[in-house]
Amino acid sequence: MSPLLQAQGLHLRFGAVRALDDVAIEIWPGEVVAIVGESGSGKSSLLRVLAGQARADAGQVLYRDAAGAEHSILDASDAALRRLMRADWGFVHQNARDALRMEVSAGGNVGERLMAAGQRHYGDIRAQAARWLERVEMDPARIDETPRNFSGGMQQRLQIARTLVTNPRLVFMDEPTGGLDVSVQARLLDLIRGLVADLDLAVLLVTHDIAAARLLAHRIVVMRAGRVVEHGLTDRVLDDPQHPYTQLLVSSVLAA
Amino acid sequence: MIMLRTQGLSKDFRLHLQGGITIPVLRDVELTVRAGECVALAGPSGAGKSTLMRCLYGNYGVGGGAIWLRHQGAMFDIAAADARTMREVRGQTLGYVSQFLRVIPRIAALDIVAEPMRGDRADARARAAALLTRLNMPQRLHGLPPATFSGGEQQRVNLARGFAAQYPVLLLDEPTASLDAANAEVVIGLIEEAKAAGAAIIGIFHDAPVRDRVADRLFEVQPIYEAV
């Protein structure tokens with residue numbers, strides 16, 4: 001087995017700010033990796049660079065597809081990146097409105113990804129969309145409603161259905177529970193946990209929520225000021241943190 | 001056959017938020033456990049028994065030394081293993097029953113117990129149900145998430161999960177602490193069966209009568225008092 005995604009020596013500057021300072025990371029099949037850190041730590045920049053949405057100043061990102069072919073993400077053409085995003089990857093945004101088409105029905109939002117992946121049979125697409133609505137705990141009877149009618153939590157679940165319907169090999173998630181009510185967050189996290197385990201997905205999750213990282217991730221990468229300061233097994237990083245910043249981060253969480 | 005062996009194992013905690021003081025907890029721990037044997041960690045409270053247990057499971061990183069574990073037929077130093085390898089070791093070889101169950105919302109007790117078992121899912125669930133029943137968990141609780149269970153019920157879910165997967169090496173942290181005598185008796189039976197099946201068991205048992213019945217020998221964990 002080899003890693004799905006492997007990055008090293010990543011550097012990215014915004015003026016005087018080092019967003020990424022010699023960052024290396026890899027993710028293997030079936031692995032959930034959480035990137036944690038506070039705002040400005042560079043964690044979202046890292047996610048964007050790995051997903052080909054931003055170019056690093058230096059470094060390398062290699063993605064290995066199902067056929068074993070390697071793709072250098074930093075050199076990939078826009079068309080090649082679009083192809084990966086359609087067929088191999090999924091991206092769950094913090095704000096569902098960034099991913100959903102608000103004037104298109106729930107079923108259309110899910111089915112659109114299938115059509116982009118080449119499916120043409122309307123009945124099949126609709127049936128798959130309905131199944132996925134159920135899987136994310138939405139009433140399939142609402143398949144023809146637009147997401148405007150939905151709560152924030154439902155919109156987020158619809159985005160997850162839309163992302164996972166094409167069976168991606170690697171899913172990027174940027175604060176998927178950010179901005180939601182606490183009770184909605186808990187349900188969503190639990191839904192994601194179940195889906196990830198059932199589908200054996202590889203997930204790269206950016207979050208500042210330590211409890212979410214503990215629930216979902218096998219491994220944790222702690223970032224601060226553009227650098228990876230600590231990484232390892234989730235329970236070890238959280239229960240026996242070594243770096244001063246990780247100790248601060250862990251000790252700042254209130255036990256419920 | 002040696003299943004687990006530590007060599008010169010040491011562990012310090014360095015507290016960066018408390019001015020960087022270092023608290024030494026374990027020094028030169030040399031523990032050997034063989035297949036079919038149960039070793040009870042002994043020593044006063046605060047001596048580092050739980051810390052040693054957590055180091056063995058990889059929950060704490062070690063400061064120095066090695067932890068040799070028989071994994072896939074060969075001795076392998078898990079103190080130096082990376083996170084991915086450690087996950088594999090935990091999936092196949094090394095089980096740990098902590099004192100408290102970390103509850104996952106919305107997951108039924110039966111699924112928590114069946115989750116670490118490999119192979120056919122129907123078989124896994126059947127074995128999980130049998131273990132829960134043996135630990136006197138009524139069937140009506142099997143389908144419920146343990147969040148609302150009592151401490152003793154949660155511990156029994158945890159124990160069922162730990163014994164279900166039949167790990168070759170099993171760590172038990174106070175397995176009978178919140179159990180009544182009848183359930184403690186069931187746990188003693190489970191430990192004896194696991195030993196007979198060749199498992200190496202390392203446990204912390206504050207309950208002396210339980211310890212005397214299951215442990216083949218004691219391993220003294222020596223407290224270290226000086227702070228550097």
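Chain naming here is simple, since letters A, B, ... match the order of the sequence lines and numbering starts at 1 in each.
To the nearest 0.5 Å, the span separating CG on A:D239 from OH on B:Y57 amounts to 11.5 Å. Rounding to the nearest 0.5 angstrom, the gap separating the CD atom in A:Q247 from the CG atom in B:L17 is 5.5 Å. In this structure, CD in B:Q18 is found 8.0 Å from OG in A:S251, a value given to the nearest 0.5 Å. Interatomic distance, B:I107 CD1 to A:D190 CG, rounded to the nearest 0.5 Å: 5.0 Å. Atom-to-atom distance recorded for B:Y60:OH and A:D235:CG is 10.5 Å, nearest 0.5 angstrom.
More than 12 heavy atoms of other residues, nucleotides or ligands sit less than 6.0 Å from atom CZ of B:R106. No more than 12 heavy atoms of other residues, nucleotides or ligands sit less than 6.0 Å from atom CD of A:Q8. Counted within 6.0 Å of NE2 on B:H71, heavy atoms from surrounding residues, nucleotides or ligands total more than 12; the atom is thus considered enclosed. Around atom CZ of B:R211, more than 12 heavy atoms belonging to other residues, nucleotides or ligands sit under 6.0 Å away.
If you measure heavy-atom distances from A:R214 to chain B, the contacts under 4.5 Å come from the side chain alone. At a 4.5 Å heavy-atom cutoff, the contact between A:L248 and chain B is made by backbone and side-chain atoms alike. Looking at A:L191, the atoms closer than 4.5 Å to chain B (heavy atoms on both sides) sit in the backbone and in the side chain alike. Interface remark: A:H243 contributes backbone atoms only to the contact with chain B (heavy atom separation under 4.5 Å).
The stretch residues 74-95 of chain B places B:A83, B:R84, B:M86, B:R87, B:R90 near chain A, each with some heavy atom under 4.5 Å from a heavy atom of that chain. Near-neighbour residues of residues 7-14 of chain B relative to chain A, defined by a heavy atom under 4.5 Å from a heavy atom of that chain, comprise B:K11, B:F13, B:R14.
By the salt bridge (charged side-chain N to carboxylate O under 4.0 Å, His left out) test, A:D174 is found to be paired with no residue, residues two or more places apart in sequence or in another chain being considered. Listed by chain and number, the residues in a side chain to side chain donor-acceptor pair (under 3.5 Å) with A:S2 are A:R64 (sequence neighbours excluded).
The residues B:E115 and A:R193 are annotated as not salt-bridged, no charged nitrogen and carboxylate oxygen being separated by less than 4.0 angstrom.
Contact check for B:H16 versus A:Q242: no side-chain heavy atoms found under the 4.5 Å cut-off.
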